[in-house]
Structure formats: C-alpha cells, structure tokens
Amino acid sequence: MDLRNIAIIAHVDHGKTTLVDELLKQSGAFREKQAVAERAMDSNDLERERGITILAKATSVEWNGLRINIVDTPGHADFGAEVERILSMVDGVVLLVDAAEGPMPQTKFVTSKALALGLKPIVVLNKVDKPDAEPDRALDEVFDLFASLDATDEQLDFPALYASGRNGWCDETLDGSRENLDALFKLVVEHVPAPAQVAKRDEPFRMLATTLGADPFIGRILTGRVEAGTLKTGETVKALSRDGTKVEQFRVTKILAFRGLAQSPIDVAEAGDIVSLAGMSKATVADTICDLSVDAAIPAQPIDPPTITVTFGINDSPLAGRDGKKVQSRVIRERLMKEAETNVAIRVTDTPGGDAFEVAGRGELQMGVLIENMRREGFELSISRPQVLFQTGENGERLEPIEEVTIDVDDEYSGAVIEKITGARKGELVEMKQNAGKTRIIATVPSRGLIGYHGEFLTDTRGTGVLNRVFHGWADHKGAIPGRRAGVLISMENGVSVAYAIFNLEDRGKFFIGSQEDVYQGMIIGEHSRENDLEVNPLKGKKLTNVRASGTDEAVRLTTPIKLSLEEAIAYIDDDELVEVTPNAIRLRKRHLDPHERKRAARSA
C-alpha cells in the first residue's frame, strides 16, 4: 500500500487533536455508531483535564488505497523533546494555525524544528468560521514566521487550506463547499513525498527508536520508523547505542503497527512504516535496532538541554505517610529513573545526602506534570523552588537561559505588564502591536524572571491576560532578580485550624487554609501583608465565659482561602521553602520546622 508519514503541529488549543478526530472519522477508522470519546488522541487523564497534548502519539488512516501515518505532537515547548524525536519519523508537516490568533510561540518552536529538518509544510488555517477570524492576516503572519526561521524557497511556497476542524471540513478557498476533509487528504497525497526509505527495502534492517512504552503483557515496546530493510516476527536483531556500542541482542516477539487508534500485530515491518517492536530488555530511546550484520548506528536528533532543575525529596513533615503509600527515597528514585529513561528531556542526579534528587527539565509545566502523575500514583514528595541551570560560554562567561514571551492583554493593562517584565525581571521589549483594544507584547526575559510571575501577571491583568513562553537561547547573566516581595504566615502550633483564630488573623494577610484543616509547626498557611514572615497561632479558640455580651453569638464568616494549584505552589515558594505534595493535599512549609532554630540562623546571618 502507498504510504505517507505526516506530523500535525499547532499551538496549545488551536484544534490539532480535534482535527485528528475528524480525520479518523471520515477515513472510516471507526465503525458506524461506535462510541468514541472527544479528543480521542488525548488518552492521558492529565491531557483531557488540561486540554493539552503532552505525549506524542501516532495513528493511521486509510484513504483511497493510501495509508497515512499521522503523528499528533505536543504544542507546549516544555514537552519539546517529544517533538524533536517524533519529527525524525515523518516526511511532511501540517501546520495548524488559529485564524484569529495567528502563529503563536509554541507554533514557532515546533515549526523551527520541522523547517530545520527540511520538511515541507502544509498550512491549515483553522476556526475560520469564528466571528473574530482574520485568515488573510494569519496567513501573512505565517509567511513572515517562515521567513524569520530561514525557510527555503521551496518551504516558503507552501499550500494553504481553510478549515473548521470541529465541524469537519477543509477547503482550498474560504467560500468552498464546506462538506468534508477531502481537500486535506488530497494535498497530503500530492505535497508530502512518499518515504525515501521504501527504496531501501532490500538493505539490512535498521530502525531508530524514538519513543519508549510498556505493556503489561508483552513488556518493553520501542516505536520508530523503519529506515531500511524488512523485519519478520521472531527474527533476532541487536540494539546499538548512539556511539555504536552494542546494547543487547534479542528476538523480536511482536511487531505492532498503527491501525486507527489501536495497534495491531503484523507479521512483517517494511521500510518507511512506523511500527513498534517488543522483545528487548535494555534498548531505549535513540538506540538503533538493526540486523546483526549492521555495525553503524543511525545518527539521533540532538535534544535541547534542560533549563531548570527541581529537587525531589521525601516528605518529612509531621503529616507524612497519611495519604500516600510510596514515601521512601528508594521508591521515589526508582520512579524518577524510570521517567528519565522514557523522557530524554529529563535528567536525574542524586544529591550528596542520598534522600533527595535533582531533576532537570525544560520548564515548570513539565515538572508539574511529572509531579502530578507521581502524586496520583500514591507518592508523597517535598519539592523545592525551581532553579535555573547556567552554562559557561567560550570565554568563561556565565550564560543563562532566555525565553521569548508573547503576551496578549487589554490595552489598559499593557503599561503595568511592560513595567514588570522590563524592570525588575530584566526583560527586553522586542515588539508591541495594538489591534481592536488588545495589545500583543513580545519580549525576551530571563527564565529566572518568569519563575513565579504568572500569578502576578493574572492579578495585574484581572485574569484577562494570556502569556505564552518558549525557550529563545542563552545570553549573558543579567544580574540579580528579586524574588517574592511578600512574607508568609507560618503556623506556630500543631493541630487543627480554628475558624475563630483565622477570622481574627485575616487583617494580617491572605490565607491558604480554611477552618478544620490539619496544620503543623512551620507550615505556611497564608501570605503576610508585609515583607517579613510572621508566626501565628491558627488554633487559638474563643475564651468561654458565663457572662453574655453583645456580639457574642455572631457567626464567624471567613474569607474564601486561596487554593494554589501545583504549578502555582511551586512557583510561589522561596528558596528556603518547600511544597509538600501528597495524593490528597498540596501544602507549603519552611525547610526548618523548628522556629527556634530559624531564629538562631537569622541571628547568625
């Protein structure tokens, strides 16, 4: 069967996974009246809850005797390692752009990777039926984006389509028939070349592993595109690392191919197809699976280095072990090492004490997803504030990661936002555009300056602003950047919080807890209204008396406490604070639980 391999690229929430749903439906991948969940490709619980694609996944559709392997790529730069690996398996990309928003930062990040690989793009302007859609402006912005990314003349001469993924239609013109997605299918057939590997079917078998998975029945599974030759189930092959050393020799117990949303066993894998192999015990991502006669490994696509590091430790608070079952450092280490094996963007190292682990990754969102997955699996952890990783330049200078930030805000809030990012946070304004009461601000800001900024940004824009960030490059160290200005309210007792105590402390600041919640000495229960930390007693009840007075029986009404999400909590804490994460709770606390020890340290400092 004729074959095409394509990837779909889009910014978060531009309709990529919804479009894939429609491609599957119209190609006949589902039976008539088959119940299919919306955003079927988002199989992960977190992906469904957050509405983002985290893991790159492949599917396959058949159209007029042609098989099209489609790869759904993550839209967020924090999961960029998935993108970089997966693009090496395809021969063309479909760039999906919201006709109202135009190309956004994550679009730029993934597109730059695709263009650098020489892939020919197809541009689909999605959601053109929305009232605020401006497809012509979006198309011009896409061309400008390609030009700024040094696209070749052939890549700049891209075809464009107009679509509504949710309604299942795509046309060459805005006033087309709006019936189905045939125009997209036809363009993929005509514009995307067939895999060059097809001509190498007579050569010895070679395949570069790009994703690693596991199955409870067949064990370890490696997925990739067959670069040359053919492979039958039961044959013996070997795995080579990046430098060509032999990792292991094994018998292929199963070959799986993508057929719709499922993977089906096949007898023979042929060059050009995307398949999954089972039977190995050591081989991993970026290894070459090949015939026993092959000696050279396939060059693996380089992965951008991590930019931040977070310390994962055991939960040693007084409430440890109440919610989770996995609390030992040994179990935490095993889980992190397993994650590092499948996710090449994460790097795990042991700390000198042995009970904590430095986890380096791409960004706060990537760390947040890993921590959220672990707490759902029953782990209890203590998490430190993210720290930026620095590099040393050619002349010995200190370099730090810089991110490109794209901000869309109402005009009235633009001044406050620009002042924040270009002032204390050491950002540099690149571009500013106004359109219909909205201002788009593009700036380059040190990653250090963005840690903890998102909550402040939402406050400054009354919750209406949209901030997107993407790794830009490395630059000279920008100097000191101040952290959180406000102090915190710290519990000085162990027990259960009392509404009367919190009510009388509300003029001291904003609280993160309500009444009847477990607290302990050293736990952060609120934000102080001043810059210093303050120890308070949230357990102090009302003194009882046998004398009645006016106002005695008035009900206590508490202000609704602030409930921080996991990412917000990690970004909020200071260097001497930790986030305590359990399956049922997210708490903040000081590193040293003994207040007397804290006072002695403060005096000595």
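Only heavy atoms go into these numbers, but all of them, side chains included; no hydrogens, no water, no symmetry mates. Please read all numbers here as calculations on a predicted model, not as lab measurements.
Val327 approaches Ile332 most closely through the heavy-atom pair O-CD1, 4.2 Å. Closest approach of Ser384 to Leu578, counting heavy atoms only: CA-CD2, 3.8 Å. Taking every heavy atom of both residues into account, Gly378 and Pro583 meet most closely at CA-CG, 3.9 Å.
Note on Asp575 versus Arg591: no salt bridge recorded, every NZ/NE/NH1/NH2 to OD/OE distance being 4.0 Å or above. Ion pairing between a basic and an acidic side chain is recognised when a charged N comes within 4.0 Å of a carboxylate O; Lys590 and Asp576 show such pairing. A salt bridge does not link Glu412 with Arg462: none of the charged nitrogens is closer than 4.0 Å to a carboxylate oxygen. Using a cut-off of 4.0 Å between Lys/Arg side-chain N and Asp/Glu carboxylate O, Glu580 and Arg375 are scored as not salt-bridged. Salt bridge Glu372/Arg376: present, at least one basic N to carboxylate O contact under 4.0 Å.
Screening residues 334-371 for ring pair (Phe, Tyr, Trp, His ring centres under 6.0 Å) gives no qualifying pairs among residues at least two apart or on separate chains.
A 4.5 Å side-chain heavy-atom check between Ile346 and Leu370 finds at least one atom pair inside the cut-off. Within the 4.5 Å cutoff, the side chain of Leu489 has heavy atoms near those of the Phe511 side chain. The side-chain heavy atoms of Thr439 and Tyr413, taken from C-beta on, include no pair separated by under 4.5 Å. Residues Val581 and Leu566 have side chains in contact (heavy-atom distance under 4.5 Å, counting atoms from C-beta outward). Taking the side chain as every heavy atom from C-beta outward, Ile442 and Ile407 never approach each other to under 4.5 Å. Looking only at side-chain heavy atoms (C-beta outward), Val388 and Pro401 come within less than 4.5 Å of each other. Using a 4.5 Å heavy-atom threshold, the side chains of Leu19 and Asn126 count as separate. When side chains are defined from C-beta on, Met374 counts as touching Leu336, because their heavy atoms get closer than 4.5 Å.
The environment of CD in Gln328 is crowded: more than 12 heavy-atom neighbours from other residues, nucleotides or ligands sit within 6.0 Å.
Between Glu400 and the choices His477, Lys426, Arg448, the side-chain hydrogen bond (donor to acceptor under 3.5 Å, both in side chains) rule is met once, by Arg448.
One finds the CD1 atom of Ile513 at 4.0 Å from the OG atom of Ser497 (value rounded to the nearest 0.5 Å). In this structure, the separation between CG on Leu505 and CG on Asn537 is 8.0 Å, given to the nearest 0.5 Å. Atom-to-atom distance recorded for Arg508:CZ and Arg530:CZ is 7.5 Å, nearest 0.5 angstrom. Here the CD-CD distance, from Glu535 to Gln521, works out to 7.5 Å after rounding to the nearest 0.5 Å. For the atom pair CZ (Arg220) and CE (Met280), the distance works out to 8.0 Å, reported to the nearest 0.5 Å. Here the CG-NZ distance, from Asp132 to Lys438, works out to 10.5 Å after rounding to the nearest 0.5 Å.
No side-chain donor-acceptor contact under 3.5 Å links Asn315 and Ser382. Defined by atom type and a distance below 3.5 Å, a donor-acceptor pair is missing between the side-chain atoms of Thr309 and Gln387. For the residue pair Glu403/Thr444, the side-chain donor-acceptor check at 3.5 Å is not satisfied. Between the side chains of Glu380 and Thr582, not a single donor N or O lies within less than 3.5 Å of an accepting N or O.
With sequence neighbours excluded, the residues satisfying ring pair (Phe, Tyr, Trp, His ring centres under 6.0 Å) with Phe512 are Tyr572.
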